[in-house]
Asker: 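Sharing a structure below in structure tokens format, with a few things to ask.
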2 protein chains.
Amino acid sequence: MSQEKSSVGRPKNEAASTALKEVALNLVMQKGYDAVSITEIVNGAGVSRQTLYNRWATKAELVLDAFFELANRRVEMPDLKSQTSRQTLLSDFLKQIFLHLEKDGDSLGSFVSAAQSDHDFREKFYTRFVAPRADIVRKLLKDAQSRGELAPDKNIELWTAFIHGAFWYRLINGQPIPQDLANEIAEEVFR
Amino acid sequence: MSQEKSSVGRPKNEAASTALKEVALNLVMQKGYDAVSITEIVNGAGVSRQTLYNRWATKAELVLDAFFELANRRVEMPDLKSQTSRQTLLSDFLKQIFLHLEKDGDSLGSFVSAAQSDHDFREKFYTRFVAPRADIVRKLLKDAQSRGELAPDKNIELWTAFIHGAFWYRLINGQPIPQDLANEIAEEVFR
DNA sequence: GGCATTTATAGACTGCCGTATGATAATTCA
DNA sequence: TGAATTATCATACGGCAGTCTATAAATGCC
């Protein structure tokens, strides 16, 4: 959003932003992304149409903001200080992600959908959702390498893509993402 | 499309179908999927609006049909009779796919997009595009196993997902898919 | 207080989507 | 030939998107 808050002029009504996000998220969670119209959202928030467009360019961006601010979808970084095997850490981390995916599959699907046609949105989604999770895996793999749990010549970048690709591939194709997949992946990484 | 051709009544005008597909594909290739409206397509084909809806439920399905029938996007099955190493066969096969992806990335992106909101479409896309390619890789890996080029306890299903996930993951996130990725993947599979 | 600046609102406008309707055309069957 | 069936066409409709305009409201600055 990069507010830039200009000191002069009528200030933005933060209550309107909040109301829009709350209404949007509630409607989407309840009826599904595509079934919710922008008209519906602004009416529900008791706010003028233009006010929404003053803040977000698309429904996808609004819902993305609402999703991250109001739903609790932060991932927990695995504790690299612990002595737990890195294979277990990875497996647990993936299980955590898969739980979210199961719950938010439809919303995430709509984000992926929006990202294909709106490259600006794609970048935001990538930065806020995809990349942070990929970073964690990358760090975890490097740590495992430095501890000697992983072959030192493993192609970390490629394996990060393997791991994330495996479940994104299932997600976009509408296949279930069972918890056990986390174990299978972790086993194969550390074999 | 499962025609079911009923013998009675006025027959469908095949020329209209062809015209619609040609116009749709041309417009999409030229302007991009989202920039093309249904109204534009039917006008361009000189056909009534209803005629399009008699044949396809959505723009995505029409374009999908056009894409597969008019563009030449068949993949070539690697020759499992040849004595070439399976690693090379895999690498070459992937390079072939990556070339298509580079050319059709935007169209494919719009298919992925449509698939997220339309589950019927998702299944068609999966059946006609994704699954055939995954099958080939699966067969290739099994063949490599039977020839002793691949560890017999490798999890074929998982690796098929790894391989496809790796480039789908890049595709949906708008990252380039360099030819060299094919080599990297094949190396890691057969290491 | 007057002015520039920014936001908010209501309403209108164009274009498109998906559906519906009524009329007409092309074909098979009895 | 006439009835039944299906396809096509022109047209219209309600709903939504995204843009635009005119007007009012809230703030900082001089």
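These numbers were taken from a predicted model, which means no experiment stands behind them. Proteins get letters first, then strands, A, B, ... in listed order; numbering begins at 1 in each.
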Asker: If the cut-off is 4.0 Å, is Ser48(B) near the phosphate of dA7(D), judged by side-chain N/O to OP1 or OP2?
Answerer: no
Asker: Quickly work out the Trp56(A) CH2 to dT19(D) P distance and round it to whole Å.
Answerer: 16 Å
Asker: Just the rounded figure in Å: distance from P of dG18(C) to CG of Leu62(B).
Answerer: 12 Å
Asker: By nearest nucleotide on DNA chain D, pick out whichever of Ile38(A) and Val8(B) is the more 5' one.
Answerer: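 The residue closer to the strand's 5' end, by nearest nucleotide, is Val8(B).
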Asker: Please state how far atom CG in Leu52(A) lies from atom C1' in dA10(C), giving the value in whole angstrom units.
Answerer: 16 Å
Asker: Which whole-number value in Å describes the distance from Lys59(A) NZ to dC16(D) C1'?
Answerer: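 Going from NZ in Lys59(A) over to C1' in dC16(D) covers 10 Å.
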Asker: Between P on dT6(C) and CZ on Arg10(A), what's the gap in Å once rounded to a whole number?
Answerer: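 After rounding, the reported distance stands at 14 Å.
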Asker: For Glu14(B) and dT27(C), what is the distance between atoms CD and P respectively, to the nearest whole Å?
Answerer: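 It works out to 13 Å between those atoms.
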Asker: With respect to the phosphate group of dT6(C), does any side-chain polar atom (N or O) of Arg55(A) fall under 4.0 Å of OP1 or OP2?
Answerer: no
Asker: Tell me whether the rings of Phe167(A) and His164(A) are parallel (<30°), tilted (30 to 60°) or perpendicular (>60°).
Answerer: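 Plane angle between 30° and 60°, so tilted.
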Asker: Is the shortest side-chain N to carboxylate O distance from Arg191(A) to Asp153(B) below 4.0 Å?
Answerer: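 Looking at Arg191(A) and Asp153(B), the cut-off is met.
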Asker: Would you say the ring centroid of Tyr169(B) lies under 6.0 angstrom from that of Tyr169(A)?
Answerer: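 Aromatic pair excluded; centres sit 6.0 Å or further apart.
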Asker: What is the distance, rounded to the nearest whole Å, between atom CG of Asn43(A) and atom C1' of dA10(C)?
Answerer: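 Going from CG in Asn43(A) over to C1' in dA10(C) covers 12 Å.
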Asker: Does Ser37(A) make a side-chain N or O approach to OP1 or OP2 of dG15(D) shorter than 4.0 Å?
Answerer: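 Negative; the distance criterion is not met.
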Asker: Does a nitrogen or oxygen in the side chain of Thr51(A) sit under 4.0 Å from OP1 or OP2 of dT9(C)?
Answerer: yes
Asker: Find the distance Lys31(A):NZ to dC16(D):C1' and express it as a whole number of Å.
Answerer: 13 Å
Asker: With the side chain of Tyr53(B) defined as its heavy atoms from C-beta on, choose the nearest nucleotide among dT8(D), dG18(C), dT5(C).
Answerer: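 The nucleotide sitting nearest to the side chain is dG18(C).
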Asker: Quick check on DNA chain C: between Arg49(B) and Gln50(A), whose nearest nucleotide comes earlier from the 5' end?
Answerer: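 Going by which nucleotide is closer to the 5' end, it is Gln50(A).
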Asker: Under 4.0 angstrom, heavy atoms only, what part of the nucleic acid is Asn54(A) near: base, sugar-phosphate, or nothing?
Answerer: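 Sugar-phosphate, backbone atoms only, no base.
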Asker: When you measure from the centre of the six-membered ring of Phe129(A), is the NZ or CZ of Arg133(A) under 6.0 Å away and within 45° of the axis?
Answerer: yes
Asker: I want to confirm an ordering. Mapping Val36(A) and Ala16(B) to their closest nucleotides on DNA chain D, which one lands closer to the 5' end?
Answerer: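 Of the two residues, Ala16(B) wins.
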Asker: Got more than 12 heavy atoms from elsewhere within 6.0 Å of CD, Glu102(B)?
Answerer: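 For Glu102(B), atom CD is not crowded (no more than 12 foreign heavy atoms under 6.0 Å).
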